Visitor: 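Could you have a look at this structure, given as structure tokens, before my questions?
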Amino acid sequence: MSRQNGPWQINDVTTGYENPWIRVEHNEVTRPDGSDGIYGIVRFANLATGVLPLFEDGTTMLVGQHRFAFDAYSWELPEGGCPKGEAPETAALRELREETGLTAEHILPLGEAQLSNSVTDEYAYYYLAWGLEAGEAAPDADEILEQRRIPLSVLIAEILAGEVTDALTILMVERAVLKAQLALLPERPRDLILSALKGLPGVST
């Protein structure tokens with residue numbers, strides 16, 4: 001049975017491929033102009049989560065790994081999946097602990113995002129964490145990870161230079177900076193973020 005999706009009419013839906021993480025959905029549609037067409041969507045089994053950890057000295061922790069889809073190495077803030085039914089904040093803290101060994105005394109939502117909403121339904125929740133304590137990392141069996149602790153100012157500079165390209169990492173840093181500049185964060189993480197901005201060309205605190 002057909003159904004409306006905004007100005008689109010969906011006439012038939014089939015699954016082209018499915019695994020425990022994604023389902024590729026093929027839609028036979030009537031386009032908004034009335035012509036026949038198709039629309040492919042990747043449905044995600046899990047939500048996405050990410051966390052920007054801030055140490056008291058103004059540093060943060062990046063995780064490095066090879067990304068299969070791009071056949072390239074990527075430095076990113078800690079990120080991972082959140083099964084449906086689990087609180088995203090819980091998943092974010094778990095990923096932080098598994099990928100870096102860090103636990104956080106404080107965690108604050110930074111925002112939510114549709115990561116690629118033209119062809120996927122992947123939805124992300126991302127956080128700022130501070131009051132960090134070190135421990136042992138425990139990555140998943142399919143993860144070969146490196147860790148890199150750097151000043152937040154260096155991460156901001158690498159993002160501006162295009163050296164860090166992971167979308168969720170960029171979102172987390174930019175949202176944290178914006179909220180700090182607008183005094184929308186607690187005093188301690190705000191001061192750390194604003195300090196990181198000092199000396200960056202073209203940036204006003």
Side-chain angles (χ1 to χ4, degrees), residues 21-22 42-55 58-70 72-84 86-100 102 104 106-130 132 143 145 147-186 189-190 192-197 200 202-205:
W21 302 278
I22 61 170
V42 180
R43 303 283 188 190
F44 280 75
N46 298 325
L47 297 168
T49 63
V51 57
L52 167 56
L54 270 181
F55 292 93
T59 60
T60 188
M61 186 74 80
L62 293 179
V63 177
Q65 62 184 306
H66 176 269
R67 287 302 191 183
F68 188 95
F70 285 93
Y73 203 82
S74 178
W75 285 101
E76 307 164 4
L77 291 169
E79 302 168 4
C82 172
K84 301 293 173 63
E86 182 179 21
E89 180 177 310
T90 301
L93 288 171
R94 184 186 67 250
E95 291 295 332
L96 176 65
R97 184 177 64 255
E98 289 178 356
E99 293 189 353
T100 69
L102 297 172
H106 306 288
I107 186 166
L108 184 73
L110 280 176
E112 303 175 18
Q114 300 169 348
L115 295 181
S116 183
N117 65 7
S118 64
V119 292
T120 86
D121 68 352
E122 188 174 25
Y123 198 86
Y125 293 82
Y126 49 99
Y127 300 86
L128 176 66
W130 68 101
L132 304 176
E143 293 179 319
L145 306 179
Q147 297 176 8
R148 182 173 165 235
R149 182 171 171 174
I150 61 173
L152 179 61
S153 58
V154 173
L155 176 55
I156 294 170
E158 291 182 356
I159 289 172
L160 292 172
E163 296 168 7
V164 171
T165 56
D166 173 66
L168 192 49
T169 295
I170 295 169
L171 275 173
M172 286 189 274
V173 172
E174 290 183 346
R175 181 61 66 90
V177 167
L178 180 60
K179 285 197 167 190
Q181 290 176 318
L182 295 175
L184 297 176
L185 295 176
R190 182 177 74 240
L192 292 171
I193 295 165
L194 293 178
S195 294
L197 294 177
L200 289 173
V203 177
S204 173
T205 58

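This is a predicted model, so every value here is computed, not measured.
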Visitor: With a 6.0 Å cut-off on ring centres, are Y123 and Y125 close enough?
Guide: yes
Visitor: What is the distance from atom CG of L160 to atom CD of E174, rounded to the nearest 0.5 Å?
Guide: 8.0 Å
Visitor: Quick one: list whatever passes side chain to side chain donor-acceptor pair (under 3.5 Å) with E79, sequence neighbours left out.
Guide: T169
Visitor: Does R149 form a side-chain contact (heavy atoms from CB on, under 4.5 Å) with F55? I'd like the steps, not just the answer.
Guide: CA-CA 10 Å; R149 182 171 171 174; F55 292 93; 3.4 Å; yes
Visitor: Go through the side-chain N and O atoms of S74 and R67 and say whether any donor and acceptor fall under 3.5 Å apart.
Guide: no
Visitor: Using the rule given for side-chain contact (heavy atoms from CB on, under 4.5 Å), can you reason through L52 versus Y127, listing the C-alpha separation, both sets of side-chain angles and the distance that settles it, and then say yes or no?
Guide: CA-CA 6 Å; L52 167 56; Y127 300 86; over 6 Å; no
Visitor: So which atom in L108 and which in P186 form the shortest heavy-atom distance, rounded to 0.1 Å?
Guide: CD2-CD, 3.7 Å
Visitor: When you measure from the side chain of T60 to the backbone N and O of P53, does any donor-acceptor pair fall under 3.5 Å?
Guide: yes
Visitor: Between E98 and L93 (side chain of the first, backbone of the second, donor and acceptor by atom type, cut-off under 3.5 Å), is there such a pair?
Guide: no
Visitor: A quick test of your reading: do over 12 heavy atoms of other residues, nucleotides or ligands sit less than 6.0 Å from CZ of F70?
Guide: no
Visitor: Can you check whether G64's main-chain N or O pairs, donor with acceptor, with Y73's side chain at less than 3.5 Å?
Guide: yes
Visitor: Do D121 side-chain atoms and F44 backbone N/O form a donor-acceptor pair below 3.5 Å?
Guide: yes
Visitor: I need the minimum non-hydrogen distance between A48 and E122, along with the two atoms involved.
Guide: CB-OE2, 3.8 Å
Visitor: Backbone N or O of S116 within a donor-acceptor pair of the T120 side chain at under 3.5 Å?
Guide: yes
Visitor: Looking at P189 and L128, what are the two nearest heavy atoms and their distance?
Guide: CB-CD2, 3.8 Å
Visitor: Is the shortest side-chain N to carboxylate O distance from E158 to R148 below 4.0 Å?
Guide: yes
Visitor: Supply the atom-to-atom distance E76 CD to L145 CG, rounded to the nearest 0.5 angstrom.
Guide: 9.5 Å
